There are 2 protein chains.
Amino acid sequence: MRRSAVDAQHTRDTIIAKAAAIASVDGLEGVTIGRLAADLAMSKSGVLGHFGTKEGLQLAAIDRVIADFRAKVVEPALTRDRGLPRLTALCDHWFDYLADTGLPGGCLLTAAAVEFDTRTGEVHDTVAELWNDWRRLLRAELKHTGLDVDQCLFELMALGPAVNQAIQLHGDRKAPERAKRAARTVLLVKA
Amino acid sequence: MRRSAVDAQHTRDTIIAKAAAIASVDGLEGVTIGRLAADLAMSKSGVLGHFGTKEGLQLAAIDRVIADFRAKVVEPALTRDRGLPRLTALCDHWFDYLADTGLPGGCLLTAAAVEFDTRTGEVHDTVAELWNDWRRLLRAELKHTGLDVDQCLFELMALGPAVNQAIQLHGDRKAPERAKRAARTVLLVKA
DNA sequence: CCTACCGATCGGTAGG
DNA sequence: CCTACCGATCGGTAGG
């Protein structure tokens, strides 16, 4: 009875997954309706009908990846005690995520931060909000440590993009381990 | 007599400057011949004639910015003694450059590293080579310090992208100072 | 450096 | 979800 609605949802999921994969390699602007339709053996209007506009599709792809990031990085760390234990867990999960995002081009959220940092629009706003949320999360935990909050925040925030670049551009597979060690130095925690 | 050749060189310089400015905001793929022609009140073929292809134009823009980076960041530091003095100079100039690149969208080289990290072609190769050169430069100096070369290299490399993101995405104008302080911590140098 | 043009592709819409 | 189509723009070329 509701088979067609289920099918539509499945099609939508498939489109989003493919869009995120393309965006991780070629950027969110590199996601085109025509290419997506061809890759999925659909018509362009069949693709676009699920999202209305290209921007709607970009936002859907970002939202999907943000949900995945929250599930893999943020949620598991919230079981840890506030302050240093939670901070080290957040960082460790972050660096592990960057090494294994499930997308062919690495971390879409890290790439989107650079791609949209000086643009305007909803995509920029969503990306900026995501990273502001992440900063606020780390900042709130840093306040429990007695450390220099702003300086430590800057130094921890640096490690994610560094892991991404070390892996994607330099092929350094040890990057997550180096970042974990660096985070412990910042937080004055013994490895 | 040679006025036309001088004019042509001037036109070429103007095109490259505009292309770099656009690329800093919208990415190197966002540089289109038609937009450049409209902005400069030229014909498309007038623009393209100087570079042959869009890729040629992208490479010319990158080469220009690389030369500027070398002149502002690398060259001034080479007068300092090898090891820690040169490393701190390289880092300081790097962070100051990131805060004032002369381009409206921030650092094109940092953005291009992310935009092209998982693509193929000459643009990718040029960008990868630039960052490999920078890594080799820092690594060579780190070998004079007695510090853990690979770990320190990772931690220093992290600070550039961090400054860029802090400024462009979060509007944190104190980022260069924070990065200078972080670099001194990494290098065990007193501030 | 220009005009004039090429085929391909862009995001999106009409109508079913 | 489809076909068929829109105007705009893409990178690039011919010929001058």
Side-chain angles (χ1 to χ4, degrees), chain A residues 1-20 22-23 25-62 112 115-116 119-124 126, chain B residues 1-20 22-23 25-62 112 115-116 119-124 126:
Chain A
M1 241 51 0
R2 306 181 58 193
R3 186 66 208 281
S4 64
V6 171
D7 281 354
Q9 183 60 47
H10 179 258
T11 299
R12 189 184 147 90
D13 284 347
T14 304
I15 296 168
I16 291 174
K18 189 73 185 176
I22 292 173
V25 175
D26 290 321
L28 278 161
E29 287 299 342
V31 177
T32 69
I33 316 298
R35 179 178 172 189
L36 218 36
D39 286 357
L40 300 170
M42 292 175 64
S43 67
K44 289 202 305 175
S45 70
V47 171
L48 206 53
H50 288 275
F51 310 98
T53 63
K54 174 176 175 172
E55 189 180 44
L57 170 58
Q58 290 174 322
L59 290 168
I62 292 178
E115 187 179 2
F116 285 87
R119 302 191 201 186
T120 56
E122 277 195 56
V123 176
H124 163 274
T126 299
Chain B
M1 242 55 349
R2 307 182 57 195
R3 186 65 209 280
S4 64
V6 171
D7 282 353
Q9 183 60 45
H10 179 258
T11 299
R12 188 186 147 92
D13 284 347
T14 304
I15 297 169
I16 291 174
K18 189 73 185 176
I22 292 173
V25 176
D26 291 320
L28 279 161
E29 287 299 342
V31 177
T32 69
I33 315 297
R35 180 178 170 189
L36 218 37
D39 286 357
L40 299 171
M42 294 176 62
S43 67
K44 291 202 303 174
S45 69
V47 170
L48 205 52
H50 287 276
F51 310 98
T53 64
K54 174 176 176 172
E55 190 181 43
L57 170 58
Q58 291 173 322
L59 291 168
I62 293 179
E115 186 178 3
F116 285 88
R119 302 189 201 187
T120 54
E122 277 194 55
V123 176
H124 164 275
T126 298

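Labels below follow one simple rule: chain letters A, B, ... track the order of the sequence lines, proteins then strands, and each chain is numbered from 1. All values reported here derive from a predicted model rather than from experimental measurement.
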Subject >> Base-paired stems in DNA chain D, each at least three Watson-Crick or G-U pairs under 3.5 Å >> reply: C:1-16 with D:1-16
Please give, in whole Å, the distance from [N] [atom2] to [X] [atom1]?
X       : N      : atom1 : atom2 : result
A:Arg35 : C:dA8  : CZ    : C1'   : 16 Å
A:Leu36 : D:dC1  : CG    : P     : 12 Å
A:Leu28 : C:dG11 : CG    : P     : 13 Å
A:Met42 : D:dT3  : CE    : P     : 11 Å
A:Glu29 : D:dC10 : CD    : P     : 13 Å
B:Leu59 : D:dG11 : CG    : P     : 15 Å
A:Leu48 : D:dT3  : CG    : C1'   : 15 Å
B:Gln58 : D:dG11 : CD    : P     : 9 Å

Original post:
Has the side chain of B:Ser45 got a donor or acceptor atom sitting under 3.5 Å from an opposite partner on the base of D:dT13?
Top reply: no
Can you tell which of [options] lies closest to the side chain of [X]?
X       : options                : value
B:Ser43 : C:dT3, D:dG12, D:dC2   : C:dT3
B:Lys44 : C:dA14, D:dC10, D:dT13 : D:dC10
A:Lys54 : C:dT3, C:dG11, D:dG12  : C:dG11
A:Ala8  : D:dC1, C:dC10, D:dG11  : D:dC1

Original post:
Between A:Gln58 and A:Val123, is there a donor-acceptor pair closer than 3.5 Å when you use the side chain of the first and the backbone of the second?
Top reply: no
Give one of base, sugar-phosphate or nothing for [X], where a contact means two heavy atoms less than 4.0 Å apart.
X       : answer
B:Ile33 : sugar-phosphate
B:Val47 : nothing
A:Gly34 : sugar-phosphate
B:Thr32 : sugar-phosphate

Original post:
Given side chains that start at C-beta, do those of A:Leu40 and A:Thr11 come closer than 4.5 Å, heavy atoms only?
Top reply: no
Original post:
Any side-chain heavy atom of B:Lys18 sitting closer than 4.5 Å to one from B:Thr14?
Top reply: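 Sidechains of B:Thr14 and B:Lys18: no contact.
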Original post:
When you look at B:Val31 and B:Asp26, which way does the side-chain contact (heavy atoms from CB on, under 4.5 Å) test go after all the steps?
Top reply: CA-CA 7 Å; B:Val31 177; B:Asp26 291 320; over 6 Å; no
Subject >> CA sep, side-chain torsions, deciding dist, call: B:Lys54, B:Glu29, side-chain contact (heavy atoms from CB on, under 4.5 Å) >> reply: CA-CA 9 Å; B:Lys54 174 176 176 172; B:Glu29 287 299 342; 3.4 Å; yes
Original post:
Would B:Glu122 and B:Glu55 satisfy side-chain contact (heavy atoms from CB on, under 4.5 Å), going step by step from the backbone distance to the final call?
Top reply: CA-CA 8 Å; B:Glu122 277 194 55; B:Glu55 190 181 43; 3.7 Å; yes
Original post:
side-chain contact (heavy atoms from CB on, under 4.5 Å) between B:Asp39 and B:Arg35: does it pass, once the steps are laid out?
Top reply: CA-CA 6 Å; B:Asp39 286 357; B:Arg35 180 178 170 189; 4.0 Å; yes
Original post:
OP1 or OP2 of D:dC1 sitting under 4.0 Å from any side-chain N/O of A:Thr11?
Top reply: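 Yes, A:Thr11 has a side-chain N/O under 4.0 Å of OP1/OP2 on D:dC1.
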Could you go through residues 42-51 of chain A and list every donor-acceptor pair under 3.5 Å that involves a side-chain atom there, pairing it with any protein atom two or more places apart or in another chain?
unit_1, atom_1, unit_2, atom_2, d
A:Ser43, OG, A:Gly46, N, 3.0

